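Here the structure comes first, spelled out in structure tokens, and everything after it is commentary.
Owing to the predicted nature of the structure, the values given are computational and were not obtained by experimental measurement.
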Amino acid sequence: MSNEKQGDNTLHRGLKARHLTMIAIGGSIGTGLFLAVGSTIREAGPGGAMVAYGIMGIVVYFMMTALGEMATRLPIPGAFTSYANRFVDQAWGFTNGWVYWFGSSMTVAAELIAGAIIVKFWFPDSSSTLWAILFLAVLLVLNLFSVKGFGEAEYWFAGIKVVVTIIFLIVGVLMIIGIMNSGEEAGFHNWTLDGGEAGKAPFVNGIGGIFGILMVSAFSFSNTELTGLAAAESENPKKDVPKAVHSVFWRLMIFYMGTIFVVATLIPFTEPTLLDAAEDNVAASPFTIIFRNAGFAAAASLMNAVILTSVLSCGNSSMYAASRTMQHMAEKGDAPKFFAKISKNGVPVRSVLLTAFIAAFAFFASLLGDGVAYTVAYSLCGIAGVYNWLTISVAHYRFRKGWIKQGHTLDELDYKSPFFPYGSWFCIIVCIIVCFGANYTVFTDFTWFNFITCYAIIPLSIIMFFVYKKKRGSVWVKYEDMDFEPPEGASRQNISGME
């Protein structure tokens with residue numbers, strides 16, 4: 001069936017549909033949901049938070065369906081980089097590959113730091129460095145053996161988060177309608193509170209409040225694109241990828257929008273401790289506050305354990321993404337060939353170890369201060385993720401144009417992204433706005449440290465793009481020259497997972 005014989009240096013197709021779905025969900029449900037949601041409600045109001053997450057949710061939907069169309073046709077290693085190489089410009093693929101790898105590596109670092117901070121809830125005097133080393137060792141074990149081992153670990157990691165979120169939503173609804181005690185009157189009065197410069201609830205600080213949390217909401221949804229990257233190791237991408245695309249989007253929207261609604265209804269957005277959650281203060285997590293109000297005395301410890309699991313899950317997914325991207329770039333010649341090697345188990349061991357080395361930045365958290373180190377890693381990986389969504393959207397727009405230009409019909413595609421070209425253009429425009437404008441507060445209290453951590457990736461990527469074009473002589477790919485066939489040696493039958 002789908003586990004055809006592998007070559008000496010080939011990624012194994014060991015991921016099932018349930019793995020693809022949970023990899024994307026697991027990578028997207030983390031501190032962004034359990035902690036940051038509270039601070040976004042505090043800064044933009046309940047309505048503002050719903051609008052910001054709704055906008056980025058629409059971006060994610062269009063990006064995922066675009067990626068699904070390309071990944072179903074071409075489920076190949078290094079998906080994002082490969083599509084940019086084939087349908088845009090090899091210089092763009094080169095730039096996106098390095099930015100995405102670095103961003104994913106810094107996400108691993110951010111999660112290791114977050115894990116150390118969370119454990120200090122129980123062991124306040126312990127060393128952040130020691131905890132980061134321990135968690136990195138766990139992630140290495142999960143990523144170094146086989147793709148099936150990684151997939152199973154991520155499936156169960158994500159499962160815990162999904163179950164807790166569902167329980168939270170059920171408890172929250174029961175509290176809203178008055179069946180369970182919420183610590184205050186049931187109903188929707190928190191949506192009519194006055195506050196913020198605009199003085200109009202539920203939109204605190206108006207458009208500026210919404211705009212200011214777009215990057216946070218984008219970071220919360222990051223890693224949904226892992227479905228496309230994991231397609232190269234899916235047993236049956238033709239069937240599994242489209243299924244995962246839609247199930248991931250709707251589940252994430254229910255989880256995020258449902259959580260924002262419950263939190264905003266049960267906790268006044270004027271509650272100052274909501275901002276503390278952004279500092280990984282688990283006691284200030286909206287989940288902890290609401291479970292505690294419902295009568296769960298051990299809520300803080302329970303949520304601490306769940307959040308720690310979610311942190312390891314996000315780190316697990318990000319290490320997977322970074323290592324696969326690096327291996328593909330090395331194989332293509334855009335990174336040292338040394339990192340192209342794949343083990344007998346189908347794992348790019350050298351690329352995994354390189355990613356772990358960069359993520360070891362987390363070891364120095366105790367020197368910089370946990371909060372500063374986490375903020376730096378968070379900022380660097382946030383903008384890298386949005387840049388990758390931009391790349392996917394541009395590649396898909398040109399993919400579809402080239403497909404038609406070469407005489408193909410839409411009926412030949414196994415999966416078609418709806419709302420083309422409007423969906424792709426919507427993604428492109430919003431991603432550009434978020435990349436350049438979402439961190440605008442850097443300029444209101446300017447420091448070079450904040451500017452570098454929030455914006456340095458943009459000028460660096462532009463420099464990389466033009467240096468590559470000059471040295472390699474790459475050109476914008478013409479529609480008639482686009483390659484829609486799988487790599488040499490991979491038949492359409494193998495790619496569809498059929499005998």
Query raised in the report: So, for A49 and I41, which heavy atoms are closest and what is the spacing to 0.1 Å?
Result: CB-CG1, 3.9 Å
Report task. Would you indicate whether Y479, at its atom OH, is surrounded by more than 12 heavy atoms from other residues, nucleotides or ligands within a distance under 6.0 Å? Result -> yes
Query raised in the report: Do F465 and S461 have side chains that get closer than 4.5 Å, going by heavy atoms?
Result: no
Query raised in the report: Is Y320 close to R324 at the side-chain level, that is, under 4.5 Å between some pair of heavy atoms?
Result: yes
Report task. Would you please indicate yes or no on a ring centroid separation below 6.0 angstrom for F221 and Y256? Result -> yes
Query - Salt bridge D89-R398, side-chain N to carboxylate O under 4.0 Å - result: no
With a cut-off of 3.5 Å and sequence neighbours excluded, list every side-chain donor-acceptor pair involving residues 59-66.
{"from": "T65", "atom 1": "OG1", "to": "Y61", "atom 2": "O", "distance (Å)": "3.1"}
{"from": "T65", "atom 1": "OG1", "to": "F62", "atom 2": "O", "distance (Å)": "3.0"}
{"from": "T65", "atom 1": "OG1", "to": "S417", "atom 2": "OG", "distance (Å)": "3.1"}

Query raised in the report: Do Y397 and F420 have their ring centres less than 6.0 Å from each other?
Result: yes
Query - Residue pair F168, V306: steps toward the side chain to side chain contact (heavy atoms under 4.5 Å, CB included) verdict - result: CA-CA 12 Å; F168 170 81; V306 172; over 6 Å; no
Requested in this report: Mind listing the closest non-hydrogen atom pair of K161 and S313 along with its distance?
Outcome: NZ-OG, 3.0 Å
Report summary line: One should read off an interatomic distance between S393 OG and W425 CH2, to the nearest 0.5 angstrom, of 10.5 Å
Query raised in the report: Say you draw a straight line from CG of N316 to CG of L140; how long is it, rounded to the nearest 0.5 Å?
Result: 10.5 Å
Query raised in the report: Under 4.5 Å between any side-chain heavy atoms of V162 and F255, yes or no?
Result: yes
Query raised in the report: Got L266 and I176 here, is their nearest side-chain heavy-atom distance under 4.5 Å?
Result: yes
**Report entry** Any donor-acceptor N/O pair, T325 side chain to G97 backbone, under 3.5 Å
**Finding:** no
Report summary line: Hits for side chain to side chain contact (heavy atoms under 4.5 Å, CB included) against A44, two or more places apart or cross-chain, chain-then-number order -> I213
Report summary line: Value for CD1 (I210) from CD1 (I55), rounded to nearest 0.5 Å, stands at 6.5 Å
Query raised in the report: Is the backbone of F338 close enough, under 3.5 Å, to the side chain of R350 for a donor and an acceptor to pair up by distance?
Result: yes
**Report entry** CA sep, side-chain torsions, deciding dist, call: L214, M56, side chain to side chain contact (heavy atoms under 4.5 Å, CB included)
**Finding:** CA-CA 7 Å; L214 284 177; M56 296 315 299; 4.1 Å; yes
Requested in this report: Could you give me the CA-CA distance, side-chain angles and deciding distance for F287 and I307, then say whether side chain to side chain contact (heavy atoms under 4.5 Å, CB included) is met?
Outcome: CA-CA 10 Å; F287 279 66; I307 294 171; over 6 Å; no
Report summary line: Y415 meets the side-chain hydrogen bond (donor to acceptor under 3.5 Å, both in side chains) criterion, sequence neighbours left out, with H246
Requested in this report: Take V263 and I290, measure what side chain to side chain contact (heavy atoms under 4.5 Å, CB included) needs, and give me the verdict at the end.
Outcome: CA-CA 8 Å; V263 171; I290 289 174; 4.1 Å; yes
Query raised in the report: Which atom pair, heavy atoms only, marks the closest approach of F87 to M482?
Result: O-CE, 3.3 Å
Query raised in the report: Cationic tip of R73 within the cone over F484's six-membered ring, i.e. under 6.0 Å and within 45° of the normal?
Result: no
Requested in this report: Answer with yes or no whether the side chains of Y53 and S220 bring together a donor and an acceptor at under 3.5 Å.
Outcome: yes
Query - Check: I392 and M70 side chains under 4.5 Å, non-hydrogen atoms - result: yes
Query raised in the report: Roughly how far, to the nearest 0.5 Å, is the CG atom of L308 from the CG atom of L312?
Result: 5.0 Å
Query raised in the report: How about E111 and L139: do any of their side-chain heavy atoms sit closer than 4.5 Å?
Result: no
Query raised in the report: Which atom names give the shortest non-hydrogen contact between T40 and V216, and what distance separates them?
Result: CG2-CG1, 3.7 Å
Query raised in the report: Just by distance, do the side chain of S318 and the backbone of G315 share a donor-acceptor pair under 3.5 Å?
Result: no
**Report entry** CD1/I207: more than 12 non-hydrogen atoms of other groups inside 6.0 Å
**Finding:** no
Query raised in the report: Quick one: are F261 and M257 in side-chain contact, heavy atoms under 4.5 Å?
Result: no
Query raised in the report: Just by distance, do the side chain of E69 and the backbone of H396 share a donor-acceptor pair under 3.5 Å?
Result: no
Query raised in the report: Closest approach of G103 and A384, non-hydrogen atoms and distance?
Result: CA-CB, 3.7 Å
Report summary line: Rounded to the nearest 0.5 angstrom, the CG-CD distance for D483 and Q406 is 8.5 Å
Query raised in the report: How far apart are the closest heavy atoms of C435 and Y387, and which atoms are they?
Result: SG-N, 4.0 Å
Query raised in the report: Would you say K337's side chain and E331's backbone share a donor-acceptor pair under 3.5 angstrom?
Result: yes
Query - Donor on one side chain, acceptor on other, T81 and W98, under 3.5 Å - result: no
Query - Within 6.0 Å of CH2 in W476, more than 12 heavy atoms from elsewhere - result: yes
**Report entry** Validation row: L410, R400 side chains within 4.5 angstrom (heavy atoms)
**Finding:** yes
Query raised in the report: Roughly how far, to the nearest 0.5 Å, is NE2 of H408 from CG of L413?
Result: 9.0 Å
